[in-house]
S.K.: 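One structure is given below, represented as structure tokens, and several questions about it will come after.
Residue numbers start at 1 and run along the sequence shown.
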Amino acid sequence: MKTREGGRKMSRKPKSAAELAASSGMHSVSPHLVCRGAADAIAFYERAFGATKMMVLPGPDGKIMHGCVSINGSSVMLVDENPEYGLKSPKLLGGSPVTMHLIVDDVDVATDKALAAGATVVMPVADMFWGDRYGVVEDPFGHRWSIATPTREPMTEAELRDAAKSAFA
């Protein structure tokens, strides 16, 4: 604790939950992916997206009960599939309604790297009406990743509406 003039103690405002998380490299909102083979998923994300391993905590059975990587400075948590505890991967469920979105400097290079690591194309890279060069891949664990490179300044909502109207006319 700091002291004020005269020796009185000054209380320090406690850190918020987001500040505490950030001190260990976590973000206020981080995806938590359930994977059939989380250790293999971490290795794939390192090859495909340049992920940096932050932590891997195996459980008593050797499966990963908590893993975390950083992709483009954002935290992504992982856990091994374990249906007994309600942890079901896209492979068990037959897909996922969630897509991770990754912004990169060169979508074509990033997509090629993901494909070389074992991803499959869901939507080929193309120029989009909203101003991104954009494509979607699925990783070997059933998670989908949209990959984009912005090619212009962001549009206003009105500009987006007009561009969408023209694109779907």
S.K.: Does L160 share a hydrophobic cluster with F168, counting links as ILVMFWY side-chain heavy atoms below 4.5 Å and allowing steps through other members?
M.R.: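 Per the 4.5 Å side-chain linkage, L160 and F168 are co-clustered.
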S.K.: Do L115 and V104 belong to the same hydrophobic cluster, where Ile, Leu, Val, Met, Phe, Trp and Tyr are linked whenever their side-chain heavy atoms lie under 4.5 Å apart, directly or via other members?
M.R.: yes
S.K.: Working to the nearest 0.5 Å, report the span between OG of S70 and CE of M55.
M.R.: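 These two atoms lie 14.0 Å from each other.
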S.K.: A side-chain contact here means heavy atoms from C-beta on lying under 4.5 Å apart; do V76 and M100 qualify?
M.R.: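 A side-chain contact is absent here, since even the closest heavy-atom pair is not under 4.5 Å.
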S.K.: Which atoms form the tightest heavy-atom contact between G142 and P90, and what is the distance?
M.R.: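 Minimum heavy-atom contact is O-CB, 3.4 Å.
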S.K.: In Å and rounded to the nearest 0.5 Å, what is the CG to CZ distance from D132 to R152?
M.R.: 10.0 Å
S.K.: Nearest 0.5 Å, please: how far is NZ in K63 from CZ in R36?
M.R.: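 Rounded to the nearest 0.5 Å, the CZ-NZ separation comes out at 9.5 Å.
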S.K.: Measuring from D108:CG to I147:CD1, what's the distance to the nearest 0.5 Å?
M.R.: 10.0 Å
S.K.: Considering all heavy atoms of both residues, which atom of P140 and which atom of G118 are nearest to each other, and what is their separation?
M.R.: CG-O, 3.6 Å
S.K.: Give a yes or no on whether F44 and I42 share a hydrophobic cluster (residues Ile, Leu, Val, Met, Phe, Trp, Tyr; joining criterion: side-chain heavy atoms under 4.5 Å apart).
M.R.: yes
S.K.: Please round to the nearest 0.5 Å and tell me the distance separating atom CD of E159 and atom CZ of R161.
M.R.: 11.0 Å
S.K.: Report yes or no: does D80 contribute a side-chain atom to a donor-acceptor pair with the main-chain N or O of A38 at less than 3.5 Å?
M.R.: yes
S.K.: Under 6.0 Å from the CG atom of D61, do we count more than 12 heavy atoms belonging to anything else shown?
M.R.: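 Yes - once you tally the heavy atoms of other residues, nucleotides and ligands closer than 6.0 Å, there are more than 12.
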S.K.: For the residue pair L92 and E81, what are the closest heavy atoms and their distance?
M.R.: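 Smallest interatomic distance, heavy atoms only, reads CB-OE2, 3.2 Å.
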S.K.: Identify the two heavy atoms, one from V56 and one from P58, that lie closest to each other, and give their separation to 0.1 Å.
M.R.: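 Result for this residue pair: O-CD, 3.6 Å.
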S.K.: Any donor-acceptor pair under 3.5 Å linking the side chain of S146 with the backbone of V136?
M.R.: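 Such a contact is absent between S146 side chain and V136 backbone.
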S.K.: Does R133 reach the side chain of V125, with side-chain heavy atoms less than 4.5 Å apart?
M.R.: yes
S.K.: I71, V98: one ILVMFWY side-chain cluster at the under-4.5 Å cut-off?
M.R.: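 I71 and V98: one cluster.
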S.K.: At what distance, to the nearest 0.5 angstrom, does CD of E138 lie from NE2 of H143?
M.R.: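 Going from the CD atom of E138 to the NE2 atom of H143 covers 9.5 Å.
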S.K.: Are I64 and L78 side-chain neighbours, meaning at least one heavy-atom pair lies under 4.5 Å?
M.R.: no
S.K.: Is the side chain of T149 donor-acceptor paired with the backbone N or O of V107 at a distance under 3.5 Å, no angle test?
M.R.: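 Indeed, once roles are kept as given, a pair shorter than 3.5 Å links the two residues.
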S.K.: Any non-hydrogen side-chain atom of K165 less than 4.5 Å from a side-chain atom of F129?
M.R.: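 Not in contact.
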S.K.: Work out which heavy atom in A148 is nearest to a heavy atom in Y134; give both atom names and the distance.
M.R.: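 Where A148 meets Y134 most closely, the heavy atoms are CB-CD1, 3.9 Å.
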S.K.: Indicate if V122 and M128 have the same hydrophobic cluster label, given that clusters are the connected sets of ILVMFWY residues with side-chain heavy-atom separations under 4.5 angstrom.
M.R.: yes
S.K.: For side-chain contact (heavy atoms from CB on, under 4.5 Å), just list the numbers for H32 and V79, CA-CA rounded to whole Å, side-chain angles, deciding distance to a tenth of an Å, and then say yes or no.
M.R.: CA-CA 7 Å; H32 197 165; V79 64; 4.0 Å; yes
S.K.: Where does the angle between the aromatic ring planes of F49 and Y45 fall among parallel (under 30°), tilted (30 to 60°) and perpendicular (over 60°)?
M.R.: parallel
S.K.: Could you pull out the closest heavy-atom pair between R47 and A117, with the gap in Å?
M.R.: NH2-O, 3.4 Å
